[in-house]
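Have a look at the structure below before the remarks.
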Amino acid sequence: MAESMETLRTNLSAHGQDHTLQYWSSLSSQDREFLQAQLRSIDLALMDRLIETWVRKDPPPETFAEIRPVPTIPVARADRADAKEAWDAGEEALRAGRVGLLLVAGGQGTRLGYDGPKGAYPIGPISKRSLFAFHAEKIHNAQRRYGCVLPWYIMVSESNRDATRGFFKENGYFGLEEQDVYFFTQRMVPCVDDSGKFMLEAPGVLAMNPNGHGGVIPAVVENGIAQDARDRGVDTLSYFQVDNWALKVADPFFIGYHVLRGGQMSSKIHRKIEVRESVGVHCLCDGEYRTIEYSELDIYPQLLETDGQGKPIYYAGNPAIHTISVPFIEAVYEKFDEFPWHRAHKKIPYLDGSGNCVNPAKPNGYKFETFVFDALRFIRHEPIALEIGRLGEYTPIKQFSGDNSVESAWRDQAELWASWIEAAGMDVPRNGEGRASVRIEISPQFAFSKEEFVQRARDLKLPAGRDIAIGPDGSIVSD
Ligand code: UTP
């Protein structure tokens with residue numbers, strides 16, 4: 001033990017990071033164990049590279065000779081031959097058990113500021129069911145329709161692993177088989193101060209953050225997920241993010257296009273409403289499929305161009321929904337050294353010289369992250385980018401109010417579900433602005449689409465003019 005501690009100290013010193021042991025002599029044995037484990041988990045050579053590139057230097061942005069909009073597949077409608085063919089192929093892949101679900105839920109959810117994992121947020125407007133519960137109900141629905149098992153691989157991080165597992169346990173895995181829900185943990189990276197030194201948030205605790213949703217690539221391979229998928233005959237993973245309440249789990253159209261075109265990694269895209277909208281943009285940069293972050297729009301001014309009607313020419317916004325093939329993840333993992341990292345200058349609580357924890361008023365250090373969309377540059381086929389409408393597909397929850405918020409999700413839910421009820425021939429009271437004036441909630445286990453709702457709701461008698469919650473089995477609760 002003493003010897004390996006000595007080696008650790010020597011290594012840290014060789015990389016200029018041995019100040020992290022400055023409180024060692026005053027730590028309890030438990031704290032020592034924790035700090036050692038944190039320090040041992042760090043790839044010091046990688047950190048040297050990141051600090052050299054992103055802290056000591058400030059590299060100019062990449063330049064491209066040519067940027068073009070990514071070619072997209074129009075919103076899929078069953079009356080178009082290609083879409084029908086895709087739907088059939090997607091359903092076939094689902095029935096054959098070739099599809100697994102890959103959820104990334106390891107983020108810190110700082111903007112939402114919820115006290116618990118983001119997936120535990122009670123998003124049901126009436127039932128207060130969580131985001132995880134809604135995703136699970138969609139899985140039940142898809143499993144019922146296709147007579148298949150959709151293994152659910154959920155990436156967590158050290159910051160929320162225990163709480164997430166606990167939440168699933170408390171909720172009986174939402175009725176799913178425990179053996180088909182698989183949690184795996186992404187790696188953490190240390191935060192560094194403006195001079196490139198690792199930061200302590202307590203005498204025996206390094207300030208660290210999860211390595212971004214791109215961390216799903218090494219995590220899938222290193223935690224045996226790729227192998228588990230192979231063992232189950234799963235070669236296609238449906239990737240989504242925990243905060244997109246509206247996601248269509250295992251969408252046959254999307255899976256079908258991916259399968260038919262031999263996709264390695266495919267994307268859904270949504271049309272940007274205006275050029276400055278705060279979403280990443282899918283495009284081709286010198287022929288390579290890239291997603292440019294919205295914070296970089298001014299670096300590539302052509303991305304701000306509009307057509308004759310004032311609409312964005314680079315319209316393909318990124319809703320962070322992908323279909324990814326298992327062998328592709330394994331291949332990208334092999335060259336993960338080439339995978340790009342991003343830095344963010346943030347306010348990071350730290351210990352000052354007297355050992356007091358300080359909450360800085362302005363950014364004082366860097367967090368490093370990888371982004372899953374950067375894997376798109378490694379595909380070796382024509383882009384597969386399927387356009388979606390937003391309602392019923394993309395309603396991310398980043399904060400409580402404003403754009404992409406809990407409040408906007410509740411509005412979208414009301415609009416979506418009111419249209420389903422009306423399509424089934426029942427009335428929804430609306431206010432002067434045309435919005436539903438009662439609260440509505442429909443379990444996605446009962447119906448995943450308007451068509452399915454219309455078909456299943458034939459025998460439902462909804463109470464007029466009252467809040468309505470339709471549960472997983474079609475039971476109605478109203479106030
Ligand atoms: P965001 O980038 O929106 O981050 O993540 P976040 O952690 O949810 O929220 P903020 O930025 O701290 O407010 C988009 C998705 O990627 C996952 C999140 O859990 C969410 O599903 N994610 C993000 C990870 O799984 N790991 C990460 O390291 C970062």
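Atoms within each ligand, like the ligands themselves, are counted from 1 in listed order.
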Checklist entry - Among protein heavy atoms, which sits nearest to atom 25 (O) of ligand 1, and what does the distance come to when rounded to 0.1 Å? => result Gly106 N, 2.7 Å
Checklist entry - At their closest point, which heavy atom of Glu441 faces which heavy atom of Gly124, and how far apart are they? => result OE1-C, 3.4 Å
Item to check | cation_pi(Lys138, Trp245) dist<6.0 Å, angle<=45 | outcome: yes
Checklist entry - Which atoms of ligand 1 have any heavy atom of Gln186 under 4.0 Å away? => result 24 (C), 25 (O), 26 (N), 27 (C), 28 (O)
Checklist entry - For the ring pair Phe132 and Phe168, is the centre-to-centre distance below 6.0 Å? => result yes
Checklist outcome for this item: Nearest non-hydrogen protein atom to atom 6 (P) of ligand 1, with distance, is Gly109 N, 3.6 Å
Next on the checklist: Could you work out, with ring-ring contact (aromatic ring centres under 6.0 Å, His included) as the rule, every residue matching Tyr173, not counting sequence neighbours?
Outcome noted: none
Next on the checklist: When you measure from the heavy atoms of Gly215 to every atom of ligand 1, does any distance fall below 4.0 Å?
Outcome noted: no
Item to check | Aromatic centroids of Tyr300 and Tyr314 separated by under 6.0 Å | outcome: no
Next on the checklist: Just to confirm my output: which protein heavy-atom neighbour is closest to atom 4 (O) of ligand 1, and how far is it?
Outcome noted: Arg111 NH2, 4.1 Å
Next on the checklist: Is the distance from the ring center of His213 to that of Phe371 below 6.0 Å?
Outcome noted: yes
Item to check | With Tyr146 via ring-ring contact (aromatic ring centres under 6.0 Å, His included) - residues at least two apart | outcome: none
Item to check | For atom 28 (O) of ligand 1, the protein heavy atom that lies nearest, with its residue and separation | outcome: Gly212 N, 2.9 Å
Item to check | Ligand-residue contact atoms, ligand 1 with Thr110, heavy atoms, under 4.0 Å | outcome: 9 (O), 10 (P), 12 (O), 13 (O)
Checklist entry - When only distance counts, is Met155 in polar contact with ligand 1, meaning an N/O pair under 3.5 Å? => result no
Checklist entry - When you measure from atom 16 (O) of ligand 1 to every protein heavy atom, which one gives the shortest distance, and what is it? => result His213 CD2, 3.4 Å
Item to check | Nearest neighbour in protein (non-hydrogen) for atom 18 (C) of ligand 1 | outcome: Gly107 N, 3.6 Å
Item to check | Gln22 side, atom CD; Leu27 side, atom CG - distance, nearest 0.5 Å | outcome: 10.0 Å
Next on the checklist: When you measure from the heavy atoms of Ala105 to every atom of ligand 1, does any distance fall below 4.0 Å?
Outcome noted: yes
Checklist entry - Taking non-hydrogen atoms only, is Pro210 closer than 4.0 angstrom to ligand 1 via side chain, backbone, both or neither? => result both
Next on the checklist: For atom 14 (C) of ligand 1, what is the closest protein heavy atom, and at what distance to 0.1 Å?
Outcome noted: Gln241 OE1, 3.2 Å
Checklist entry - Is the shortest N/O to N/O distance between Val104 and ligand 1 below 3.5 Å? => result yes
Checklist entry - Any idea which heavy atoms bring Asn404 and Ser408 closest together, and the distance? => result N-OG, 3.6 Å
Next on the checklist: I'd like to know if Arg49 and Asp43 make a salt bridge, using a cut-off of under 4.0 Å between side-chain N and carboxylate O.
Outcome noted: no
Checklist outcome for this item: So the atoms of ligand 1 within less than 4.0 Å of a heavy atom of Lys398 turn out to be 1 (P), 3 (O), 14 (C)
Checklist entry - Numbering the atoms of ligand 1 from 1, which are under 4.0 Å from a heavy atom of Lys118? => result 6 (P), 8 (O), 9 (O)
